[in-house]
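Keep in mind that what you see is a predicted model, and the values were worked out from it rather than measured. FYI, side chains are in, hydrogens and waters are out, and symmetry mates aren't considered; it's all heavy atoms of this structure.
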Amino acid sequence: MSPPSTISGFTVIPISYSKSSTHYIYARAHISNKKPGQKNSWPAGRTLFAVNVPPDATERDMILLLKPYGIVERVVFDSDNLYLLEEKEAEEEDEDSDGGDVEEENVVGNGETQPRKRRKVVAAEPPKVFELPSIPLRKLRKTGQSAHVVFLDESSLDRLFAASHTKPRPWPTSSEEPSGLAHYLALYDSLRPPLDAVRQHADSSMDLYEFELAKSKRQASKYKKGEAIVDEDGFTLVTRGGAYGQTVGGGVAVATKRFQETGETSERKRKRSKKEKTSFYAFQKAEKQRNELLQMKKNWELDKAKVEKLKASRKFKPY
Amino acid sequence: MEKLSPPNQDSATSDEEVPEQQVEEIQPEQEEEWGGIRTDRPPKKSLKPTGEEIRVIKEASDLYRSNTFKLQIDALLPNVQPKAKHKPPLERFLLSLHALLSSLPEVAPKHPLQAARTLLKKGVSVPYSDPLPTEETNWKVAFTKPSDITLVGSWANKACVKGRDGFKYGIDLAVEMPSDLFQEKDYLNGRFFHKKAFYLATIAAAISKSELSVDVSYVSTNDNPRLTKLVLESKADDSANDFTKLHAQIYIIPTVSLQSPISLHRLSPVHANIRVPTDSDNDKSLTLPTPLYNTALLTSLVPRIQLLSAHAVQQATPAFNDALTLLRVWANQRGYGEAGSTGLSIRGFEGKGPWWTALLIYLLLGEEPTSAGKGVGRAKSRPLGKGLSSYQLFRAALDFLAKHDLVGEPVFVKASKGHRYTPDEYQSNHDVVFVDSSSTINLLAGTPVGSLKLLSSDAQKTLEILNDSSSSVDPFSDVFLKDYRDLQTRFDVVIRVDLSTVKSRKPDLHLTLDSGSASNAILASISSLLSQGLGDRIKAVAILHPTSTLRPLSQAHPFSPHIIHIGLVYDVTNAFRQVDHGPSAAETDPTVIERFRDFWGNKADLRRFKDGSITESVVWDVQTIDEKAHIPSRIVRHILQRHFNLTDEAVHTWQTSFDGLVRLPESISRYYIGSGLAIGSKGALVAFDDLVKSIKALSEDENTLPLSVMNISAASDALRYTSVFSPVPLPASIASVLPPHSKYVHPIEFMIEFERSSRWPDDLRAIQKVKLAFLERIAKGLMKTVPNCQASVVVGHGSRNSDIEDVARLQVVTVEGWTFSGRIWHDREATLLDRTINNTSGLLHIAVKSKGERQGREYHDAIRAREIYTRLFVHSPQHHRAISKLCHYFTAFAGTVRLAKRWFASHWLLGGHVSDEVVELLCAQFFVKEGWDTEVDKDQEENGNKNSFLNRLSIPGSKERGFASLIWFLKDWKWEEGIFVPLYGSAVSISSQPKAVTANSAGAWRVRTRIDPEGVIWTVHGPDAIVARRVQALAQATWNYLQSMELSGNGSVLSMFDHPTDDYNVVIKLDPTAIPRYHQNITVDESTLSKGSKKQSNDGSSSQIRPGFDPARALCLDLQGVYQDTFRVFYDYFGGTRVGIVWDPSLKEPRSFRVMGGFSCVPTINPESQHKTQKSKDRNLVALNEESVLGEIERLGRGIVTGITIQE
């Protein structure tokens, strides 16, 4: 029984791992659903959206797999880009994702040992970070992941969808990145880089940090702690954080922390405390006593019901 | 005027008028709240409690522990008492039995042997006891109809309690033998017992011949032939007399009245009443007193008197019967009483019904003032009030048992006419004295001291449970409903002895005659010799065996138990002492030395000690620490061998097999034994101290480290004695000879804390970089200052991690081969992470962003990092310190934890599902109780406080007992309720209820401590509800096996650690040669570890040592990470060769295709909809692609995975 060729608009591409096991990748052309204001990062018409890419796939593997249809410009695994949440649809793009940066990370492959890409701030030239030495390693991602494949040429997509996918194609495993035991050995060694490299990396990272810190603190003064927060409509947010009980950036005095957090001031509330006496009249006393008795009875009945329930479950047979 | 009010207002006085109206108002509200309970009653009546109800309710809360406790007691009692509806057949039967007995014909006096021969022809043998009558005897046995037939004992008092394991209710029928059958001298040489035996046999013959449809057999209490009774069991024939349904048996006990000619004076404990000359020239036996014999005789006198005295007290005390029932249920649950054929009971409590009754009588009547000076010193306990509730009486009895030293202080229940024999007479001949109110009999004669000590400890334990008001758990089931009779959790070592080849070295004829049978004499002397030999090493020794069984009438003498179990409770301060000193060589009395040498045999040596003294002594050589723990059982073996000719085959213990579980295989350990290296936790601690010194020295030099090191704290089980295998280093010399798949060394974790400084950056990512820089400097510095030390910086742990998470580690390999892994604690991280999580960013207090944005990547990374931070830097060092302290005070704790961890690991749970720390906490609960640390500190100051906390019998003294306790706990643990472990002291507030466990939360267990009131720190990653249930099932199976193993005496300990794999969907086989930890495997194949069969699978890499490199573990972690929603991974990190996989059951059903499905799927075609109009939903169904997932696993594990088996 051959599987259907399409499912929910996705083309099913079977891939054989071995004689007995076949894997399925679901692919379709990337559809941009960006709002006008947003930057469209995927080139329309030559981007393939693939779902259920094997968890150990590398960019090289994907390039090899799609070679018959055209030359691949880059492959982006979505889990590197997005923080995966069940609710989020895959095609919502992360605004921040900068194509070039991501690519670089994936070519190197060993993302975790690198410093996080920092948002570029123009003006003065930031210090360069010495990366830790790395070797090509497979990065394992969650199963069922999706990826965007950008072809060099628009015709590649048509060729891919036109082709018949009844016969599974073997999964190409590139030999560049080791897998299995060799992978773990390589990983172990790469996590323990030479001390000099660690030093260089740490020092240069710190330099970058200092650089960015200095930039953001440029206009800070003793009396104007922080920077006023101005929203897109031009309003300044008045909030705590400045020096001497003033707003961030200085200028206006702000309310106390307590008021900000709770929205309440304490004194006024206290005055409103009850003046009623609870056991002044005889009827109050009698009522209280009666309620106590009622409460007692109620508890008793509750306990009784509890024990009855236990009894029903034959719990009281010690042996 | 009020009388004119409408009739539905039933109150007649104006006072109540107001509340009554209130009732009308309240009513609807009440109806809603608890309407379900009282639907069947008129609403008004139930709302206002009547006077009677108020009384009952008040009584329940004041006189009992709580309302529920009282109600539970009320629910329990009918279950352990005979049912009234089954009683009428019994009464009819008793009537006909009475008629039969009173119409029995006389038997003329005959010679005893001749009489026995006559009866034997009818198939009834006469249970004559030793010394047996001979042909020369010149007295005669006879039978005349009983002078009186009375129901006695608990049945007559309606205080009968069901026994364990289907043991039937006992109905004692006292048949009084006419006084004229006896003569004054009948107390001598068992003549009374012979007459009694003939009397009983005659009745037996008559009943078995009669119309009554009963099975008749003999039974002898405690296998003492002198205490033989007749047992009548109804045949189930549905006749009017058939009392089978009552589940009872009738005991016919021949008694004799106090008016009989037998002289009571001659029956005091000091009198010698067996005068059989053993040797012609030895007259000693004539003068030795025969206390047990005398007691046995007195037992025939007392049933009626006991009945009457109990009845009198019962009449005055309404709650007497209920209290007695509670007490006996409690005792039965703990093995102090009779049990059916399957259960073991503690020796000395069979047929002790009268004692339990007398115990309550004693509490109610008070003590007889003794004339002897002994009683003056201690405060007389005042008699209890007669109006106490059953629970209060029960508690008082426990209190007495827990606090009164029965061995040291004899008890004389207040008697109306004073006591017959003086206390000294009792004390000189009985170990334990408890004389009843009739002053005839010592009810505890023959009960071993060790058994009573256990009883006292059990009472103490129960009182603790009852007093613990803080616990939210209802104590009722702990006190009355749970079965505590198992051996493993009560005794530090259980020794199974096969007595079939027993042969006493010096048979004590007198003792044999006194106790009635050879087997009783041997058990008594085993008990006393063991106590003598073990001395202060133990707190109690107990012998356990099944309750004596029924035997056919044709068999005159009882079977004696062939298999007994000896249980020891260690006194851990002395138990493992290697030398026992005997008398000094300068001893003038030669018999003292002679006795010592005689007792110990070839083990006794004359030795000279360091202090110059020369003494007789016994030395127990030990090679390893494990053997040290065996010393008490070795002593038992030696004594049994020397004095009872019991060889090693007849004596069985399980300690050695347990030791083997946490030891490296011999082929590996022999390298270490020869190397002279300091190994074990001690060696690790020394190496760690050296490392700490070197790092601190570095920090003194400003150029190396800009900040000075404040603290270096250990946080590893290798440094707190609780790692499964005793830690070993891996120096190059040993590594070169080891095969590649056993070259594993586990890094020992520690934590560095620098001085506070404002120079740290205020950014999480930058902090991680600074840590790298610090570690790099330490590493360089160490390489420079410490010779041959290798240090490196680990920049991550391989799996997905974010850049705000603490991953940087310092890895140090010392010259001896110890490996350490250090991390840096910076407390500012916590504040920064909290800011990210709460989105305050340090400035904006009211800016709460929308929910969607909160759940960004940064937020989740911060949550994760915060959790890791709390665990690694806040709780881990504290936990380490607390556990180290525990190991220091409780010798058995470390071993318990090691066994427990091994158990969890071998069932593929440790590490992945159950954390090491939670195992340590669960084990700790058996050792600590609230306020233990202060008590321990106090004990240190005033050494030798006898009743101190550390001396409690309930604290495990051996790792086997601790392990059994844990398994026992796990099998019944309601983990939904969680548990509180007072490791750091008591709970601050009880109000903090643990978070409700939901079905899909990752951690289901709640193990709370004072510093972790939620109880989730160590269980946040598991076990989840499914695994928790599996743990429970595994514990139950292990427990059952443990029970059967000790009862049957065969079966290997290893089977408990053999994991059943049937429940896994897929089992992945791993290549042992690719796992560097294979030598730690529970069923390691030692032949592959020897050098000869060394396979050079990966030549280049095998020469290099990679500390902590475990590809199998890394693979499992990766698999769990990648397929986290597809399956669960189970693996034994101690060199396991198989990995178990269970598919997520929710993926079984095909579902519609989604882009973010989170699992590898295959399109399916719904067969039903194939020919119909295909709806889009049906067409888009996908299912889990199991084959492809397995294919991926094979690829991910290339070089490690050798095969994948799919199980149906």
Side-chain angles (χ1 to χ4, degrees), chain A residues 3-4 7-8 12 17-18 20-21 23-24 51-52 54-56 83 90 112-113 116 132 140 142-144 146 179-181 184-185 187-188 191-192 195 198-199 202 205-206 209 226 239-241 248 260-261 283 286-287 290 293 296-298 300-301 303-307 311 316-319, chain B residues 18-19 34 37 49 57 67-68 71-72 75-76 79 164 329 333 480-481 761 766 769 772-773 776 779-780 792-796 798 801 803 843-846 857 860 1074 1101 1106 1109 1111 1114 1118 1122-1123 1126 1153 1155-1160 1162-1163 1180 1187-1188 1191-1192 1195-1200:
Chain A
I7 189 162
S8 298
V12 178
Y17 284 168
S18 64
S20 60
S21 62
H23 185 82
Y24 297 92
V51 178
N52 201 18
D56 59 339
Y83 197 75
E112 61 266 39
T113 59
R116 189 180 165 82
L132 288 168
L140 300 182
K142 263 194 83 175
T143 180
S146 57
S179 64
L181 187 59
Y184 289 111
L185 280 169
L187 178 67
Y188 183 91
L191 288 175
R192 289 156 180 78
L195 290 179
V198 175
R199 171 163 223 159
S205 301
M206 281 318 292
Y209 170 73
T239 182
R240 285 185 58 80
V248 186
Q260 278 198 328
E261 279 174 354
F283 87 86
E287 194 182 335
R290 225 185 67 85
L293 282 179
M296 199 173 85
K297 173 94 188 279
K298 194 173 143 191
W300 173 255
E301 295 289 346
D303 284 346
K304 222 169 175 174
K306 203 164 91 191
V307 175
K311 226 183 196 170
F316 291 104
K317 279 225 149 129
Y319 34 78
Chain B
V18 175
W34 44 292
I37 299 165
I57 296 171
N67 281 349
T68 28
L71 289 167
Q72 281 175 309
L76 167 79
N79 283 328
R164 283 252 21 168
V329 169
Q333 292 287 36
F480 295 114
L481 300 181
K769 300 300 173 198
L772 277 181
E776 188 269 337
K780 274 226 172 105
S792 53
V793 176
V794 185
V795 295
N801 42 43
D803 45 10
L843 291 175
L844 307 171
H845 297 296
I846 51 170
R857 176 174 200 154
H860 283 273
S1101 55
R1106 288 188 173 81
F1109 177 59
D1118 276 345
V1122 168
Y1123 300 101
T1126 312
F1153 177 76
V1155 170
M1156 296 301 292
F1159 64 96
S1160 175
V1162 54
N1180 293 336
E1187 287 82 31
S1188 119
E1192 282 163 8
R1195 203 164 61 223
L1196 294 176
R1198 195 172 290 163
I1200 311 169

- Which region of B:Thr1126, side chain (C-beta onward) or backbone (N, CA, C, O), has a non-hydrogen atom less than 4.5 Å from a non-hydrogen atom of chain A, or is it both or neither? side chain
- Task: Please round to the nearest 0.5 Å and tell me the distance separating atom CD of A:Glu301 and atom CG of A:Asp303.
- Result: 9.5 Å
- Of all heavy-atom pairs linking B:Arg1195 and A:Pro54, the shortest is NH2-CB, 3.7 Å
- Query: Where do A:Leu140 and B:Leu1196 land on the side chain to side chain contact (heavy atoms under 4.5 Å, CB included) test, with the steps shown first?
  - Reply: CA-CA 9 Å; A:Leu140 300 182; B:Leu1196 294 176; 3.4 Å; yes
- Message: Let's go through B:Asn67 and A:Lys304 carefully: what are the C-alpha distance in whole Å and the side-chain angles of both, what is the deciding distance for side chain to side chain contact (heavy atoms under 4.5 Å, CB included) to 0.1 Å, and is it a yes or a no?
- Response: CA-CA 8 Å; B:Asn67 281 349; A:Lys304 222 169 175 174; over 6 Å; no
- Query: What option among A:Arg199, A:Met296, A:Lys306, A:Met206 has the most heavy-atom pairs under 4.5 Å with chain B?
  - Reply: A:Arg199
- Message: What part of A:Tyr184 gets within 4.5 angstrom of chain B, counting heavy atoms only: side chain, backbone, both, or neither?
- Response: both
- Query: Yes or no on side chain to side chain contact (heavy atoms under 4.5 Å, CB included) for B:Gln333 and B:Phe480, after CA distance, side-chain angles and deciding distance?
  - Reply: CA-CA 7 Å; B:Gln333 292 287 36; B:Phe480 295 114; 5.9 Å; no
- Pick whichever of B:Ser792, B:Ala75, B:Gly1191, B:Ala779 has the most heavy-atom pairs under 4.5 Å with chain A. B:Ala75
- Note on the structure: From the list B:Tyr1123, B:Phe1109, B:Phe1159, the residue making the most non-hydrogen contacts under 4.5 Å with chain A is B:Phe1109
